[in-house]
There are 2 protein chains.
Amino acid sequence: MDRSDDGAVVRAVSKDVRGPGGLDDLDRRILEVLRDDARMSNAELAAAVGVAPSTAHVRLRSLRERGVISGFVTSVDQRRLGRGLQALVHVGLRPGARRASIEDFAREIRGLPQVLQVFFLGGVDDFIVHVAVSDSSALRAFVVDHLSSKPTVASTTTSIVFDYYRNGVAASFG
Amino acid sequence: MDRSDDGAVVRAVSKDVRGPGGLDDLDRRILEVLRDDARMSNAELAAAVGVAPSTAHVRLRSLRERGVISGFVTSVDQRRLGRGLQALVHVGLRPGARRASIEDFAREIRGLPQVLQVFFLGGVDDFIVHVAVSDSSALRAFVVDHLSSKPTVASTTTSIVFDYYRNGVAASFG
DNA sequence: TATGAAAGGAATTGCAT
DNA sequence: ATGCAATTCCTTTCATA
């Protein structure tokens with residue numbers, strides 16, 4: 001007798017509407033608030049999204065456990081680190097480059113302190129490196145020492161970043 | 001009688017050596033620890049860098065007040081937001097574009113929810129937009145609706161991001 | 001699933017070295 | 001600049017609706 005035909009079975013509440021990734025409206029509001037203030041206290045977060053602190057706490061933990069939130073990172077003014085010059089370096093790889101050597105190369109680039117981000121584009125033969133360095137001679141040294149001189153690299157094109165704007169932070173692909 | 005001439009005035013300690021931006025070694029260690037774990041508690045931070053919690057607290061506040069740390073942001077897995085496709089769109093502007101219209105255009109692009117980052121390159125006539133969208137048709141719609149159709153835009157080139165790695169987060173230019 | 005209460009822990013401030 | 005101590009606030013868990 002599991003029939004639910006009594007006419008009072010309308011359990012679909014508006015707040016239960018889940019969008020992509022199984023996120024409901026409260027989840028999305030939490031992400032929005034935390035996006036640019038990751039160190040906000042749980043109490044503040046709860047007040048900002050209009051729920052009890054215990055509720056915000058459970059939701060936030062769930063977002064982390066599900067991997068929706070991949071981490072909390074600190075935004076640093078690169079100028080204050082002595083890196084007042086940013087650039088995007090477009091790297092073209094040799095057509096015949098072997099997969100293993102490309103991966104070794106990529107790993108090496110990723111580990112360099114000047115490197116902020118690496119975008120691997122359109123297959124395996126092309127990427128863009130976002131770097132922050134002290135000045136133009138350090139930029140040249142970076143490109144020469146770590147890119148142009150590698151056998152895997154066919155070409156590089158360097159563009160100076162004159163202005164930069166960030167809306168959100170994407171997780172590294174895993 | 002405030003003289004401190006008792007011969008024990010050698011206060012210069014090696015830890016006081018400051019590098020670029022007036023940061024000493026402890027500041028740099030704090031930034032390193034916090035870079036990928038912005039929500040770490042002050043007590044944990046202090047233990048991680050080997051000082052008392054009060055010291056870590058004072059240093060962290062100073063880093064924020066001086067603008068070395070520009071903020072704490074949350075890294076979100078874009079797939080879980082229904083944005084499983086990322087791309088870099090290279091935008092060439094019309095040579096005759098007026099400064100004001102370029103700025104209006106840039107402001108409009110920055111406000112779009114698909115946009116993660118915008119790099120303004122090599123002057124004022126060229127930039128790269130990092131976007132996260134649901135699929136290839138959404139990507140096409142983004143490029144057509146917000147870029148190609150604008151009078152300021154001369155050309156666009158779209159590259160799909162197959163892999164992405166982030167080492168650090170730079171502050172938006174102010 | 002959301003909430004409120006209770007206990008334990010942490011942040012923040014002032015003060016002393 | 002660092003360490004310590006006291007107050008206040010927050011986090012965390014659990015029972016409840």
Side-chain angles (χ1 to χ4, degrees), chain A residues 4 8-34 36-69 71-74 80, chain B residues 1-35 37-69 71-74 80:
Chain A
S4 324
V9 213
V10 185
R11 290 278 179 79
V13 186
S14 64
K15 283 159 60 177
D16 277 344
V17 175
R18 298 225 157 71
L23 302 182
D24 70 3
D25 190 58
L26 178 55
D27 290 325
R28 282 188 288 269
R29 273 182 291 152
I30 288 174
L31 289 175
E32 188 181 352
V33 170
L34 243 35
D36 293 313
D37 192 1
R39 236 179 133 81
M40 173 180 279
S41 78
N42 183 67
E44 283 177 298
L45 172 63
V49 299
V51 296
S54 54
T55 304
H57 186 257
V58 169
R59 290 301 191 109
L60 179 51
R61 185 169 54 190
S62 168
L63 287 168
R64 296 183 67 166
E65 286 170 353
R66 286 184 285 164
V68 178
I69 291 176
F72 302 101
V73 297
T74 300
R80 307 303 299 270
Chain B
M1 317 313 183
D2 284 344
R3 295 180 303 148
S4 326
D5 55 356
D6 57 357
V9 211
V10 184
R11 290 276 178 78
V13 186
S14 64
K15 285 158 62 178
D16 277 345
V17 175
R18 297 228 156 70
L23 302 182
D24 70 4
D25 190 58
L26 178 55
D27 289 324
R28 282 188 289 268
R29 274 181 290 152
I30 289 174
L31 290 176
E32 188 181 352
V33 169
L34 242 36
R35 193 189 67 180
D37 192 1
R39 238 179 132 80
M40 173 179 280
S41 79
N42 185 67
E44 282 177 298
L45 173 63
V49 299
V51 295
S54 60
T55 303
H57 186 259
V58 169
R59 290 300 192 111
L60 178 51
R61 185 170 52 191
S62 168
L63 286 168
R64 295 183 68 167
E65 285 171 352
R66 285 184 287 165
V68 179
I69 291 175
F72 302 101
V73 297
T74 299
R80 309 300 301 269

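Note: hydrogens, waters and symmetry copies are ignored here, and every other heavy atom, side chains too, is used. Just so it is clear: chains get the letters A, B, ... in the order the sequence lines come, proteins before strands, and each one is counted from 1.
No donor-acceptor pair closer than 3.5 Å links the side chain of A/Arg80 to the backbone N or O of B/Gly67.
Atom CD1 of B/Ile30 sits about 8.0 Å away from atom CD1 of B/Ile69, to the nearest 0.5 Å. A distance of 12.5 Å separates CE of B/Met40 from CZ of B/Arg35, quoted to the nearest 0.5 Å. To the nearest 0.5 angstrom, A/Arg59 atom CZ is 13.0 Å from A/Asn42 atom CG. Taking CG from A/Leu63 and CG from A/Leu34, the interatomic distance works out to 9.0 Å, rounded to the nearest 0.5 Å.
A/Arg64 CZ: 12 or fewer foreign heavy atoms inside a 6.0 Å radius.
Remark: C1' of C/dT1 and CG of A/Asp27 are 12 Å apart, rounded to the nearest angstrom. Between B/Leu23 atom CG and D/dA1 atom P there is a gap of 13 Å when expressed in whole angstrom units.
In this structure B/Glu32 satisfies the side chain to side chain contact (heavy atoms under 4.5 Å, CB included) test with no other residue, sequence neighbours excluded. Legend: residues meeting side chain to side chain donor-acceptor pair (under 3.5 Å) with A/Ser62, ordered by chain and number and at least two apart, are A/Arg66. Partners of A/Arg29 according to the salt bridge (Lys or Arg N to Asp or Glu O under 4.0 Å) rule, which considers only residues two or more places apart in sequence or in another chain, are A/Asp25.
Using a 4.0 Å cut-off on heavy atoms, the residues of residues 39-52 of chain A that approach DNA chain D are A/Ser41, A/Asn42, A/Ala43, listed by number.
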Enumerate all atom pairs, one protein N or O and one N or O from nucleotides 15-17 of chain C, separated by less than 3.5 Å.
none

Report, one pair per line, the protein and nucleotides 15-17 of chain D atoms (nitrogen or oxygen only) whose separation is under 3.5 Å.
none

Could you run down the sub-3.5 Å N/O contacts of the protein with nucleotides 5-9 of chain D?
none

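In this structure, of D/dT13, C/dA2, D/dG3, it is C/dA2 that holds the atom nearest to the side chain of A/Arg59. Listed nucleotides D/dT11, D/dA1, C/dT13 differ in distance to B/His57; the shortest reach to its side chain belongs to C/dT13.
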Could you tabulate the donor-acceptor pairs under 3.5 Å formed by side-chain atoms of residues 51-58 of chain B, not counting sequence neighbours?
none

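Between B/Thr55 and the phosphate of D/dA1, there is no side-chain N or O to OP1/OP2 separation shorter than 4.0 Å. At the phosphate of C/dT13, OP1 or OP2 sits under 4.0 Å from a side-chain N or O atom of B/Arg61.
A pairwise comparison of heavy atoms in B/Ser41 and A/Arg39 identifies C-NH2, 4.4 Å as the closest pair. Nearest heavy atoms, B/Asp27 versus B/Gly22: OD2-O, 4.1 Å.
With the end axes of the helix from C/dT1-D/dA17 to C/dT17-D/dA1 each set by five pairs, the angle from one to the other reads 30° at 10° resolution.
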